[in-house]
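Here is the structure we will look at.
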Amino acid sequence: QLAKELCSHIQYQWELLTRKLYQELLVEYNNILYKKGEKVILKYHNNLLETTIKGVDSNGRLITFNAKEELFNWGEVEWNGLVDLPVNDT
């Protein structure tokens, strides 16, 4: 049963892709994005950044918010597993 559900989901996503329904794919991706709407700590240029994950834009950039919206290209930030670590605001 699980395999059938997985195949059905993959087929649906493939149909969206082949029909060039990119905006719908992006919406679905953002609906299930890991940690969306949650505060996280990211590592950026060897600094820890406490921010909220908002989504991913149509160019694949991560959208975050902490006093202002910021965009990060793939590979610019890393997840920090120490989510309870206090962040120095200086």
ask   = side-chain contact (heavy atoms from CB on, under 4.5 Å) between Trp79 and Ile41: does it pass, once the steps are laid out?
value = CA-CA 7 Å; Trp79 292 102; Ile41 296 177; over 6 Å; no

Out of curiosity, does [Y] fall in the hydrophobic cluster containing [X] (side-chain heavy atoms, cut-off under 4.5 Å, transitive links)?
X	Y	value
Ile32	Leu26	no
Trp74	Ile53	no
Leu6	Tyr12	no
Tyr22	Trp14	yes

Indicate the atoms forming the closest heavy-atom contact of [X] with [Y], along with that distance.
X	Y	answer
Asn30	Lys36	O-CD, 3.1 Å
Tyr44	Val77	CD1-CG1, 3.7 Å
Thr51	Phe65	OG1-O, 3.1 Å
Lys43	Asn46	CE-OD1, 3.5 Å
Phe72	Glu76	CA-OE1, 3.2 Å
Ile63	Leu71	CG1-CD2, 3.4 Å

Side-chain heavy atoms of Asn31 within contact of Val27, under 4.5 Å =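 Touching, per the 4.5 Å side-chain cut-off.
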
ask   = Can you tell if the side chain of Glu28 reaches within under 4.5 Å of the side chain of Leu25, non-hydrogen atoms only?
value =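 No, too far: nothing below the 4.5 Å cut-off.
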
message = If we ignore hydrogens and angles and just use 3.5 Å, is the side chain of Asn59 paired with the main-chain N or O of Arg61 as donor and acceptor?
response =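 No.
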
inquiry  = Please report the interatomic distance CD(Gln13) to CD(Gln11), rounded to the nearest 0.5 Å.
reply    =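 Rounded to the nearest 0.5 Å, the CD-CD separation comes out at 11.0 Å.
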
request  = Under the side-chain hydrogen bond (donor to acceptor under 3.5 Å, both in side chains) rule, collect the residues that match up with Gln23, sequence neighbours excluded.
outcome  =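 For Gln23, no residue satisfies side-chain hydrogen bond (donor to acceptor under 3.5 Å, both in side chains) once neighbours in sequence are set aside.
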
ask   = With respect to Thr52, which candidate in Lys39, Glu38, Lys35, Glu69 satisfies the side chain to side chain contact (heavy atoms under 4.5 Å, CB included) definition?
value =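 Filter result, single survivor: Lys39.
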
